[in-house]
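Presented below is the structure to which this report refers.
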Amino acid sequence: MKKTSDLRVIILGAAAGGGLPQWNCGCPNCSMARDPASGLKPQSQSSLAVSLDGEAWAVLNASPDIRQQIQDNRPLQPRRLRHSPIKSMVLTNGDIDHLAGLLVLREKQGFTLFATGAVNQIIAENSIFGVLDPELVSRKSVAIEERFFPLPGLEARLFSVPGKVPLFLEEGEPDLNVEGENTVGIELRAGSKRVYYVPGCAMMTDALAQRLRGADAVFFDGTLFSDDEMIATGTGHKTGRRMGHMPIAGEGGSLDALAHLNIYRKVYVHINNTNPIWRAGAERAFVESRGFEVGFDGMEIQL
Ligand code: MLT
Ligand code: MN
Ligand code: ZN
């Protein structure tokens, strides 16, 4: 008998803001990603798709690359004249890499948009998002820990993780590690399965570790391998922590924080183009030896 409650997760975009390659970057990873012979394929910006039946889909984060992501993933394509299997969008913060794709989703198509009040406020304050016809796109603000259903039978909750306001809303030095409505993770439950999507997280807390313990899959912030990576590669002047992202390696990194939580599949996503885990080498081998997977566009997990 065909099971109808399989939880399917597709990584639509495994890269962080900017993607791989980033338009203005000539770092070793970006250069490789421009060379089809290098073996490192281009990766799009930050998004997952989930479904229980393969017909109706919820998309987690609205990547600026969503048009190409739909083109690359047949399950997300229209089944008939003016149709989309995308029934809902769920946002984890107000960063451009998670929001700008909403502008692609105009064209008189109905879906439900779920986000925290703070993220919906950013959308409300930027009138360009008015292209999403309110008669068709209903914006739902969900409270932290409130249960909602992005798809029939798919139970979800948003939970606070340490973070900061989006880059474009920073005024002076922002408060880092704030737990509120600006940066959230998404918990998904279907049947006995429990999956988490946390593409931005500034630090691990005891509460977050307890929550993730024993999960079937965790898709976690893999922005930088080391906290000073942007500085060391000459691509920027900020640490990962200043950007609201805990590093993978080192003291207080996600690798040590997640390794012993009895999580079945640990997958890094939101990986910055500077991150050495994109290519074969010591860092990637280290991550894989500790039981983590490096996410990639088109990667699918069925639970
Ligand atoms: C981030 O994840 O830090 C943001 O996407 C940065 C940005 O908006 O470029
Ligand atoms: Mn981002
Ligand atoms: Zn680069």
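Every number for a ligand or one of its atoms is a count from 1 in the order of the listing. Positions are given from 1, in the same order as the sequence printed here. What you see is a predicted model; the values in this text were computed from it and never measured. Excluded from the calculations below are hydrogen atoms, water molecules and symmetry mates; all remaining heavy atoms, backbone and side chain alike, are included.
Note that Lys266 lies in the cation-pi zone of Phe292, set by a 6.0 Å cut-off to the ring centre and a 45° limit from the axis. Figure legend: Arg211 and Phe159 shown as a cation-pi pair, the cationic atom lying under 6.0 angstrom from the six-membered ring centre and within 45 degrees of its axis.
Vertex the Zn ion (ligand 3), arms ending at SG of Cys27 and SG of Cys30: the angle is 110° after rounding to 10 degrees. Rounded to 10°, the angle that NE2 of His270 and OD2 of Asp97 form at the Mn ion (ligand 2) is 90°.
Contact of the Thr183 side chain with the Thr92 side chain is not registered, since no non-hydrogen atoms from C-beta on lie closer than 4.5 Å.
Against a heavy-atom cut-off of under 4.0 Å, Asp97 is close to the following atoms of ligand 1: 5 (O). Of all the atoms in ligand 1, the ones that sit under 4.0 Å from a non-hydrogen atom of Asp95 are 1 (C), 2 (O), 4 (C), 5 (O). For ligand 1 and Met243, the ligand atoms under 4.0 Å from any heavy atom of the residue are 3 (O).
Between Phe114 and Phe148, the distance from one ring center to the other falls under 6.0 angstrom.
In this structure, Gln77 contributes its side chain and Gln71 its backbone to a donor-acceptor pair below 3.5 Å.
Of all the heavy atoms of His245, the ones lying under 4.0 Å from any atom of ligand 1 belong exclusively to the side chain.
Nearest protein neighbour of atom 9 (O) of ligand 1, counting heavy atoms only, is Leu167 CD2, 4.2 Å.
Tested against Trp57, the residues Ile70, Ile10, Leu52, Leu151 include a single side-chain contact (heavy atoms from CB on, under 4.5 Å) partner, Ile10.
Residue contacts with ligand 1: His270 is included, with a non-hydrogen atom under 4.0 Å away.
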